[in-house]
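Taking it in order: structure first as structure tokens, then the write-up.
Atom set for the values below is all heavy atoms of this structure, side chains included, hydrogens, waters and symmetry mates excluded. Treat the numbers as computed from the prediction; the structure is a model and nothing was measured.
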Amino acid sequence: MGKAALLAIAAFAAMSTLYNGNTKRGLLKASERVANHQYSTLARSAAVNGFNLAKQALAESFSSKEFKGKFDRAVYGVAIDVSGDRATVIAIGGIPNASGDESRYRIRAEFHRQTLPPTMAESAPEFMSYTVLSEDDLRISGNAASASAYTGEGDANFHTNSNLIVDGKGHERIQGYGTYSGSARGEHRNEKFAPNGDDDTPHTSYESPIGLPDFNMDEYLTLVKADYTADDGASLSGSFAPGGTRNEPYVYHVKGDLTISDLTVDGYVLFLVDGDLKFTGNAVVGNSGYREADESSLAFYSGGSITMNGNTEVWGQMYSEGDFNIGGTSDFYGSITTAGSLRLHGNPTFHYRTASPALTTIWNGVPGGARVRLTSFFEK
């Protein structure tokens, strides 16, 4: 073999060795890049897991905190920094990689906490669709209960989930039907009830019980915010100035009993009373500011009994956990529901007005509360 051929073979061998070495190093680098990409994916997964835990923590308690943990083979650390109604979250995931250092992934996000008011239902609950509804006995004595629909349309219906008792004949009439879920007595009961345009069928009849809520003040106050709380009972008279709007009624909470005498109220107001409620004079409506529907703009809800006697003029939708007693020559504009018994005596007059859903959020509205909203997100 010639000298030139030997040199060519030697050169080729050297080039082959160099090529093979470069190829192996290239393969190792490629393998390392693939492995590091997988490690980076693991680091991201850990950071995302920490971020999701931070979102849950903010929903439960909008406060600053730090925590760390492990996800798959990677670890994560999270810092939540809260200032007012804003929060910044930084979540970092990390894992040792094939290059001998660490693959890290960082997420930075900002959140805003909003306090949402409760949302009113489209209509009041069924139990407030009657002029009068009682859980226990409903007793109508003598001339009591002249009733009509305030708008002049429809009927002013009465219902009891127990027994309907009509004492005596009397000369006053109820412009509506009388229904009961127990029994009915009183020979003149069908004469007492005189629905519009219906003189042929019986005016009192059986009807299935209407469900009533349990009175739970603590629960109510989680659904509506009290604008004012009287800690040891209250007596109100004169002009009640704070009145609210239909979208945001004013809420007046009384711990104890409430007595009302000659009170004029402007706007939408919800009176929540832990104890008994007594009307000794007028409770009349001023300007509610709402003209689209003929509905009540005042609500009186009592955890005890409600008494209304004498020469009173009272407007509003009412609910009592205890008994309801109305007599004298009272004029009542609205609707009455009681989880106790209801006694009508004297010569009271009822004018049915539709109950406002703006004042029944505690029973059938959509609860409000805090909502945490993501406003920015960055990951790298």
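- Between E379 and R106 no salt bridge is recorded (no basic side-chain N to carboxylate O distance below 4.0 Å).
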Go through it in stages, so that I can follow the logic: the residues are S356 and E295, the test is side-chain hydrogen bond (donor to acceptor under 3.5 Å, both in side chains), and I'd like the CA-CA distance, side-chain angles, deciding distance and then a yes or no. CA-CA 6 Å; S356 173; E295 66 176 24; 2.9 Å; yes
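- In this structure a side-chain-to-backbone donor-acceptor pair under 3.5 Å is missing from H112 to R373.
- The CZ atom of F324 sits 7.5 Å away from the OG1 atom of T338 when rounded to the nearest 0.5 Å.
- One finds the CD1 atom of I210 at 6.5 Å from the OG atom of S181 (value rounded to the nearest 0.5 Å).
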Before you tell me yes or no, could you show the steps for S183 and N163 under side-chain hydrogen bond (donor to acceptor under 3.5 Å, both in side chains), namely the whole-Å CA-CA distance, both residues' side-chain angles and the distance that decides it to 0.1 Å? CA-CA 5 Å; S183 64; N163 304 313; 3.0 Å; yes
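- At a threshold of 4.5 Å between side-chain heavy atoms, the hydrophobic network of Ile, Leu, Val, Met, Phe, Trp and Tyr places V372 and V78 in one connected group.
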Can you list the steps and then say if Y301 with Q317 is a side-chain hydrogen bond (donor to acceptor under 3.5 Å, both in side chains)? CA-CA 8 Å; Y301 304 148; Q317 56 201 64; 3.0 Å; yes
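- Aromatic ring centroids of F240 and Y250 lie under 6.0 Å apart.
- Under the side chain to side chain contact (heavy atoms under 4.5 Å, CB included) rule, R108 has a single partner from T88, V89, I92, which is T88.
- Aromatic ring centroids of F62 and F111 lie 6.0 Å or more apart.
- Although no hydrogens or angles enter the test, the distance criterion places a donor-acceptor pair under 3.5 Å between the side chain of S302 and the main chain of G304.
- Note: the hydrophobic cluster containing V75 does not contain F71 (ILVMFWY, side chain heavy atoms under 4.5 Å, direct or indirect links).
- Of the residues K192, E191, E187, the one that meets the side chain to side chain contact (heavy atoms under 4.5 Å, CB included) test with V166 is K192.
- Using a 4.5 Å cut-off between side-chain heavy atoms of Ile, Leu, Val, Met, Phe, Trp and Tyr, with links allowed through other members, L42 and Y76 fall into different hydrophobic clusters.
- In this structure, I165 is not a member of the same hydrophobic cluster as Y180, with clusters built from ILVMFWY side-chain heavy atoms closer than 4.5 Å.
- With values rounded to the nearest 0.5 angstrom, T179 atom OG1 is found 13.5 Å from H203 atom NE2.
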Would H351 and D331 satisfy side-chain contact (heavy atoms from CB on, under 4.5 Å), going step by step from the backbone distance to the final call? CA-CA 8 Å; H351 307 275; D331 268 296; 3.4 Å; yes
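- Checked against a 6.0 Å centroid threshold, the rings of Y177 and F158 do not count as neighbours.
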Assess whether ring-ring contact (aromatic ring centres under 6.0 Å, His included) is satisfied between Y319 and W363, documenting all intermediate values. CA-CA 12 Å; Y319 184 97; W363 290 309; 5.2 Å; yes
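- Of the charged side-chain nitrogens involved, at least one lies within less than 4.0 Å of a carboxylate oxygen, so that R139 and D167 count as a salt-bridged pair.
- Electrostatic pairing of E66 and K68 does not count as a salt bridge here, judged by no charged N lying under 4.0 Å from a carboxylate O.
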